[in-house]
Amino acid sequence: METATTSSAGETVISARGISKQFAGIEVLRDVDLDFRAGEIHALVGENGAGKSTFAKILSGVHRPTRGTLALRGELVEVPNPLTAQRLGITLIHQEPVSFPDLSVAENLVLGRDQGSVLGRVPWAKITRDARESMDQLGINIKVNVPMRGLSIADQQMVEIARALASDSRLIIMDEPTAPLTPIEVETLFKIVRRLRDEGRTIIFISHRLEEVRALCDRITVFRDGNLVHTGDVAAVDDEEIIRLMIGRSLKEYIHKRRTEIGEVALEVKDLCLPGLFSDISFEVRKGEIVGLAGLVGAGRTDVARAIFGITPAHSGTIAVNGKDIGVAEPTEAIALGLAFVPEDRAAAGIFQSLSVEHNITAAVPGRIAPRGFIRHALERALANEAVQKMRIRLASLRQPIGELSGGNQQKSILARWLLTDPSVLIMDEPTRGIDVGVKSEFYDMIGELAESGRAILLISSELPELLALCDRILVMSEGRLTADLSRAEATQENVMREAVPKSGVHSPTVAA
Amino acid sequence: QESLSIVFVGKNTGNPYFDSLVQGFEDACDVLGCEFEFVAPATAEATSQIPFITAQIQRRVDVIAISPNSPDALNQVLDRARQRGILVLSVNGDITGSEEFRDAAILPTDFEKVGSDQVEMLGSLINYEGEIAILSATTEAPDQNKWIVGMNEALENNPKYAKMTLVATVYGDDQPEKSTTEAEALLSTYPNLRGIISPTTVGIAASAQVVQSANKADQVKVTGLGTPNQMRPFIKDGTVEAFQLWSPYNEGWLASYFAVGLKAGTIVNEVGATFEVPNLGTITINELNSINTQAGLTTFNADNIDDFNF
Amino acid sequence: MNRITGVIGALLRRRAAGIAVMLLIFSLVVGLIQPRFLTPDTLRIVMLAIPLIMVAAMGQMMVLVSRHVDLSMGSMLGFTAIVAGMVFRDFPDVPWWVGFIVAISTGAVLGLFNGLVVTIFKLPSIIVTLGTLSLFRGVLFLISDARQVDPQFIPSALIQMSQTSPVFGIPGIVLIAFGVAFLTYLFLDHTRLGRQIYAIGSNPAAAPLRGIRVVPVTLLVFTLSGALSGLAGIMYASRFGYVNPSITGVGFEFTVIAAVVIGGASINGGVGTVLGTVLGVILLGTVSVALPILAVSAFWQDAIFGAVIVIALLIDRSVRERGARSVVAGHRP
Amino acid sequence: MSGAEDATTRTPPAADAATPRPRWQVILVRPETVTFLFLIVATIGASWLSPFFADVRYILESFTFYFEFAIVALILTMVIISGEIDLSAASMMALSASLFGVAYQAGLGIPGAMAVSLLSGVLMGAFNGFLVINMKLPSIIVTIGTLTLFRGLAQVIAGDKSIGKFPAWFIGIDYRFVFDVPIPVIVFLIVSLILGIFLGTSAIGRQIYQIGTSPIAARHAGIRVNRIKYGLFIAMGLVSSIAGLLAASRLASVRYDLATGGELQMVLIVMLGGTYIFGGRGTILGTFLAAWLLVVIATGMTVANIPINAQLTVLGLLLIVSIIATNAIHVRTQR
Ligand SMILES: Nc1ncnc2c1ncn2[C@@H]1O[C@H](COP(=O)(O)OP(=O)(O)OP(=O)(O)O)[C@@H](O)[C@H]1O
Ligand SMILES: Nc1ncnc2c1ncn2[C@@H]1O[C@H](COP(=O)(O)OP(=O)(O)OP(=O)(O)O)[C@@H](O)[C@H]1O
Ligand SMILES: [Mg+2]
Ligand SMILES: [Mg+2]
């Protein structure tokens with residue numbers, strides 16, 4: 001572990017020693033020692049699932065560490081719950097905004113602030129006044145007496161930020177606060193964060209965008225697989241180095257080298273529209289081709305994929321598979337036509353948590369395991385076994401609930417499920433999210449093999465390096481529209497980001513890690 | 001020889017009316033040396049008594065006395081009981097239209113006369129003139145309907161009641177809430193109402209309560225069929241001057257004597273036959289093998305109500 | 001975007017106004033058919049028909065706001081009424097107000113039991129209370145020995161409360177009902193604890209992150225629901241003058257849920273107002289009074305209540321649907 | 001909301017190798033096994049309570065009183081496994097039976113009246129399905145609403161009179177025997193067997209479990225979630241109306257209050273059978289055993305002349321205890 005040599009600001013505010021955390025016996029944080037100082041903005045970076053949010057939640061009393069201690073200005077403290085954290089002056093802005101949709105904005109701002117007796121009177125007038133003030137301070141135009149329900153994700157995030165600021169905390173942890181924000185809002189946020197630092201507060205800033213880290217932060221800590229691998233001044237490391245620290249090896253190793261014949265059009269999408277989510281989406285994917293779909297969070301990529309697969313069908317536009325025009329209204333129909341979809345949210349939309357691996361793998365092919373409507377177990381077992389061998393899924397038994405497998409093996413099982421349907425078009429939405437590095441590269445190989453076998457692949461990913469390494473072409477989406485179709489040669493980080501950034505605001509390109 | 005076992009299947013538990021009836025059975029069995037048990041389902045729903053009857057058949061009791069919850073849903077199971085040689089008595093109400101499925105019915109009084117008795121009672125309270133209304137149980141309650149027919153006939157045919165007009169017949173479903181609302185609606189809809197006849201215990205209590213709370217006891221006279229315990233406070237405070245009922249106790253008493261006599265061969269179950277029962281005198285078996293415990297209704301008022309506890 | 005959310009806010013707020021308008025139209029229509037309906041007498045009848053429902057509805061509304069439901073209210077009402085009645089019967093000297101204490105505290109214990117089963121075993125309240133609906137009824141039969149408490153044992157002071165009172169002749173139980181509604185309003189809208197109930201119902205997963213102690217608050221809500229059922233129980237004894245183990249409170253929960261759902265409380269938690277609930281109760285009370293005055297068979301009542309529940313659910317959904325759509329409409333520029 | 005529910009757990013490779021529990025343990029902690037043990041205990045207990053209980057004929061005969069609920073509970077099991085619930089079944093029985101009675105009185109004849117009744121069952125089931133699936137309302141509260149509505153409509157069309165006088169061939173199904181076994185018992189055996197095979201081995205049966213485990217994942221796997229749920233609700237309506245007709249035959253009459261409170265008994269049977277209230281788990285075998293368990297308990301107490309008060313208490317307690325127990329077993333075996 002490397003330690004910082006220079007220090008920019010004041011004394012240590014909070015120090016973590018030997019913090020470890022297990023979820024159901026699985027260690028996601030290991031012996032983290034880390035100090036935060038007064039008057040610093042401290043970046044926390046790392047791959048998805050590296051443990052950043054978990055660490056933040058331990059600091060703020062959402063989770064309790066399995067081992068380790070926290071000390072506030074040298075004194076050991078217990079942070080058993082968020083309320084205690086609040087009392088100790090620690091506030092967390094959650095990665096996903098935490099709000100109460102039925103309560104007003106003003107009320108959301110004050111809920112959870114330690115205000116004495118629960119039977120005490122609610123000072124409505126003051127709450128509303130303070131809320132207006134907070135909004136003005138942030139320079140955002142949100143009515144404070146409307147229910148939270150009607151607010152956009154970004155506005156909810158701003159309210160969340162306003163809440164933290166109003167709380168007077170000495171330590172404010174921001175878990176990917178900029179993800180849903182427009183550039184203008186990001187700028188406002190930065191200004192406020194800098195002001196807070198100048199007031200001598202400590203800000204922990206979690207982000208995947210190295211640009212932001214560079215623009216804002218004083219020191220940086222890198223997590224990898226639950227381990228703290230580096231802490232130091234931001235100025236002392238370059239981007240290349242940070243990425244190497246994050247993923248544990250150089251980017252170049254990812255590059256998948258292969259060459260396939262690209263065949264005729266397998267998937268053709270024309271003028272797809274779903275008001276409020278996306279419009280005028282037209283593109284095609286050919287046999288043997290891997291097409292990437294890039295964009296910032298909320299660009300609408302997932303919505304397009306869901307529309308193609310018939311989960312939330314588009315309002316207008318056409319979809320053709322292998323030259324046949326189809327109107328997909330149900331995933332069942334899409335599957336029959338040779339489409340397959342690996343969803344983004346594996347836990348909710350991908351796996352059947354408590355069902356066996358076997359039943360999970362064969363879920364999409366009732367016709368193959370039950371030729372006459374009744375399941376033939378030998379047939380099913382054979383199919384599942386074969387898939388497990390082929391995908392190198394690591395498990396104890398086919399009867400094991402899939403929830404017991406690691407994320408990577410769960411994802412492999414879902415891929416196995418789709419391969420049984422022998423799809424001609426495979427849509428994968430963030431297939432490598434939350435998967436460890438080893439399995440990830442296996443996945444890249446598999447995706448390559450699938451393309452080689454003549455399937456058309458649409459790969460949605462927020463990890464730009466991944467897309468750049470794997471794809472023959474990269475489509476870029478921004479604000480629900482397709483903004484670019486870049487060939488392998490044209491596709492560079494800069495080019496992709498330029499197109500991904502919303503045009504409605506001025507924004508410097510950022511890297512989506 | 002083993003003693004005779006009698007089981008009484010009530011309409012439902014928690015119905016205070018049956019407490020006194022059960023007492024009659026118990027006392028008679030103490031005298032006669034029979035064994036007695038009381039069972040009842042939780043609700044008075046049509047099918048709820050069936051498992052209980054079947055269980056008694058299985059227990060091989062000698063006599064099943066039942067207050068039927070349905071005039072016809074019990075036919076099959078009663079038939080089965082009788083095939084096994086069990087004496088089936090319908091007590092306190094009959095399975096009208098299905099009489100062939102029971103051996104005899106023990107009824108408290110001559111139901112043909114209840115209607116006119118009630119009209120006479122109310123008439124005497126309101127000087128035989130003015131608007132009157134009836135608050136009954138459910139629209140299909142067979143006994144109540146029989147009495148209502150009797151009331152209508154009396155009002156139409158007897159010149160004594162010429163100045164009494166029946167303005168409404170409403171139904172409270174034997175639910176306190178509905179009965180109360182219906183009674184209140186009567187007072188509000190008919191400002192000149194002089195009297196309410198409610199031939200059901202829930203209804204008369206609700207009517208009395210409504211009249212009491214509206215402070216209209218002088219203007220609107222409530223009468224009908226009720227139990228002394230239920231009506232005692234209203235009699236005491238003058239809300240209700242008089243109401244009627246028979247003695248449920250005597251039904252249990254009579255049923256036991258009848259069953260034991262029949263099994264012993266001292267009584268023949270034939271229309272027109274007579275037999276003696278202590279305290280009740282000579283009892284006659286009427287049409288359709290129905291037996292009454294008494295001729296007319298007992299009237300309860302401030303003078304005698306404290307003599308009764310049921 | 002703010003304009004749109006404003007509209008929804010207004011729509012939600014207008015829910016109360018909507019019920020008031022419905023109430024007005026309904027009364028006028030009934031009045032046209034049967035002019036006698038529009039007399040002060042009717043007001044009195046309605047007033048007497050609603051207190052029990054109103055008190056219980058306040059409890060049910062809180063339960064719904066916290067994203068639960070309590071189906072055992074009718075049995076709790078019967079249970080508490082029987083217990084209070086038995087106290088009056090077996091200890092003839094106790095003053096009438098002891099009945100209130102006994103019924104409310106018995107109800108609180110029953111409610112707490114519901115809450116404990118729901119929170120400890122993390123079971124859906126609807127199934128748990130379906131079970132206790134039967135369980136409480138069974139136990140009440142056991143403790144009462146299936147015997148009714150006769151009118152002679154109910155103190156006349158208690159009965160009086162349903163009849164007259166020093167305040168403009170408005171019966172005491174009506175005053176109690178409106179008093180409970182007002183207190184509920186103060187509690188829900190003006191205390192931190194009250195707001196926490198909304199927060200829990202609005203987003204149960206987020207509540208602990210805001211330092212809200214979900215388990216104790218949930219227990220409190222169920223306890224209050226039980227206590228208010230207990231209050232309704234003693235009011236039953238007051239209004240009907242006797243308590244019967246097999247009749248008292250049977251089916252009561254459906255009426256209460258219907259009233260609360262009409263009043264705009266959402267089955268998805270987080271939404272519900274005292275004003276709306278009060279109006280819902282009054283609307284339901286008015287309908288049940290209008291039926292006999294219109295000489296409509298009482299048979300229609302259940303069908304109408306059932307239809308009203310279904311319609312209220314559909315309205316609730318369409319309001320929510322609009323709310324959800326506005327999120328999309330509010331997509332960033 | 002927060003990461004607290006994040007289930008995309010990353011397991012270090014070592015954890016993959018966790019050995020599954022031995023087969024005997026798997027079988028032993030199955031909820032149906034518990035139901036079966038309860039059944040044995042209850043049978044012994046009932047025989048001890050009353051010397052009249054242990055009589056196969058009597059038990060079979062008593063079964064016919066619960067037969068209608070038991071047969072609906074079989075379908076309800078599938079509905080609950082699919083993650084929904086239907087509390088309106090008893091009211092659907094009453095309304096379809098009342099319609100049957102009214103139609104027969106109107107001179108439609110038994111076959112015509114039966115058709116009316118069955119059609120009404122399908123429509124009521126579809127109405128529930130419409131509210132739950134198209135209107136996206138929670139089934140539990142929807143069916144509480146329709147429970148009140150259907151029962152109310154039954155009261156409106158049939159009043160509170162008892163409609164009877166059906167022809168002799170129609171009545172008394174509970175008293176027809178095949179080899180000394182009442183027909184309802186045989187019907188229940190056959191239907192349980194068919195549904196058990198259907199749910200346990202058919203592709204659709206498998207999909208019902210998958211839907212109950214995760215409706216979203218099911219949809220993503222191409223399972224026709226809405227169609228299957230609609231099918232289940234309609235089956236619920238249809239079977240309820242069949243149950244209504246069977247009750248009409250058994251009682252030789254119909255009334256609006258038929259099967260009042262039956263929803264509780266049906267849910268009780270399903271819960272006693274170890275079906276998981278949150279969906280995704282449960283078996284027809286469990287429900288089959290639970291139906292007998294309920295019969296044994298209720299009959300045992302009735303023939304011992306134990307007051308109904310105690311019976312209600314026992315049943316309510318049983319419902320709560322069985323949910324808690326099933327929940328505990330399922331949560332444990334989840335791991
Ligand atoms: N409540 C939980 N139960 C089980 N596992 C959890 C839980 N919360 C987090 N994890 C697991 O812990 C690991 C670290 O998660 P964490 O959310 O801290 O990652 P992160 O670095 O914030 O990732 P991201 O960049 O995607 O936000 C992941 O493998 C995650 O699946
Ligand atoms: N400003 C907003 N207000 C409300 N909802 C939003 C907003 N932005 C995005 N969403 C919702 O969040 C989702 C984000 O869109 P989508 O998931 O299609 O984007 P994506 O590019 O796939 O992002 P991700 O990388 O998170 O998957 C959409 O379903 C959209 O409805
Ligand atoms: Mg995170
Ligand atoms: Mg996405």
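Keep in mind that what you see is a predicted model, and the values were worked out from it rather than measured.
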Pair D:Val314-D:Met301, side chain to side chain contact (heavy atoms under 4.5 Å, CB included): steps then yes or no: CA-CA 10 Å; D:Val314 168; D:Met301 291 201 287; 4.0 Å; yes
Chi angles and distances behind the side chain to side chain contact (heavy atoms under 4.5 Å, CB included) call for B:Phe18, B:Ser67: CA-CA 10 Å; B:Phe18 291 107; B:Ser67 282; 3.3 Å; yes
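The side-chain heavy atoms of D:Leu95 and D:Met124, taken from C-beta on, include a pair separated by under 4.5 Å. The shortest distance between side-chain heavy atoms of B:Val7 and B:Ile53 does not fall below 4.5 Å.
For D:Ile306, no part lies under 4.5 angstrom from a heavy atom of chain B. If you measure heavy-atom distances from D:Ala248 to chain B, you find no contacts under 4.5 Å at all. Residue contact with chain B, scored on non-hydrogen atoms closer than 4.5 Å, is absent for D:Ala247. Only the backbone of B:Pro41 has a heavy atom closer than 4.5 Å to any heavy atom of chain D.
In terms of modelled atom types and a separation under 3.5 Å, the side chain of B:Asp103 and the main chain of B:Val88 share a donor-acceptor contact.
Taking the six-membered ring wherever Trp is involved, the centroid distance between the rings of D:Phe63 and D:Phe188 falls below 6.0 Å.
Partner of B:Phe25 under the ring-ring contact (aromatic ring centres under 6.0 Å, His included) criterion, chosen from B:Tyr257, B:Phe258, B:Phe8: B:Phe8.
Within 6.0 Å of CZ on B:Phe38 lie more than 12 heavy atoms contributed by other residues, nucleotides or ligands.
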List, with distances to 0.1 Å, the donor-acceptor pairs found between chain B and chain D - the cut-off being under 3.5 Å and no angle criterion applied.
{"unit_1": "B:Glu37", "atom_1": "OE1", "unit_2": "D:Asn305", "atom_2": "ND2", "d": "3.1"}
{"unit_1": "B:Glu37", "atom_1": "OE2", "unit_2": "D:Asn305", "atom_2": "ND2", "d": "3.2"}
{"unit_1": "B:Gln56", "atom_1": "NE2", "unit_2": "D:Asn305", "atom_2": "OD1", "d": "3.0"}
{"unit_1": "B:Gln58", "atom_1": "NE2", "unit_2": "D:Phe52", "atom_2": "O", "d": "2.6"}
{"unit_1": "B:Gln58", "atom_1": "NE2", "unit_2": "D:Asp55", "atom_2": "OD2", "d": "3.1"}
{"unit_1": "B:Arg59", "atom_1": "NH1", "unit_2": "D:Val303", "atom_2": "O", "d": "2.3"}
{"unit_1": "B:Asn69", "atom_1": "O", "unit_2": "D:Arg255", "atom_2": "NH1", "d": "3.3"}
{"unit_1": "B:Asn69", "atom_1": "O", "unit_2": "D:Arg255", "atom_2": "NH2", "d": "3.4"}
{"unit_1": "B:Asp72", "atom_1": "OD1", "unit_2": "D:Ser162", "atom_2": "OG", "d": "2.5"}
{"unit_1": "B:Asp72", "atom_1": "OD1", "unit_2": "D:Ser253", "atom_2": "OG", "d": "3.1"}
{"unit_1": "B:Asp72", "atom_1": "OD2", "unit_2": "D:Ser162", "atom_2": "OG", "d": "3.0"}
{"unit_1": "B:Arg80", "atom_1": "NH1", "unit_2": "D:Glu61", "atom_2": "OE2", "d": "3.2"}
{"unit_1": "B:Arg80", "atom_1": "NH2", "unit_2": "D:Asp174", "atom_2": "OD2", "d": "3.3"}
{"unit_1": "B:Thr138", "atom_1": "OG1", "unit_2": "D:Asp160", "atom_2": "OD2", "d": "2.9"}
{"unit_1": "B:Thr139", "atom_1": "OG1", "unit_2": "D:Asp160", "atom_2": "OD1", "d": "2.9"}
{"unit_1": "B:Glu140", "atom_1": "N", "unit_2": "D:Asp160", "atom_2": "OD1", "d": "3.1"}

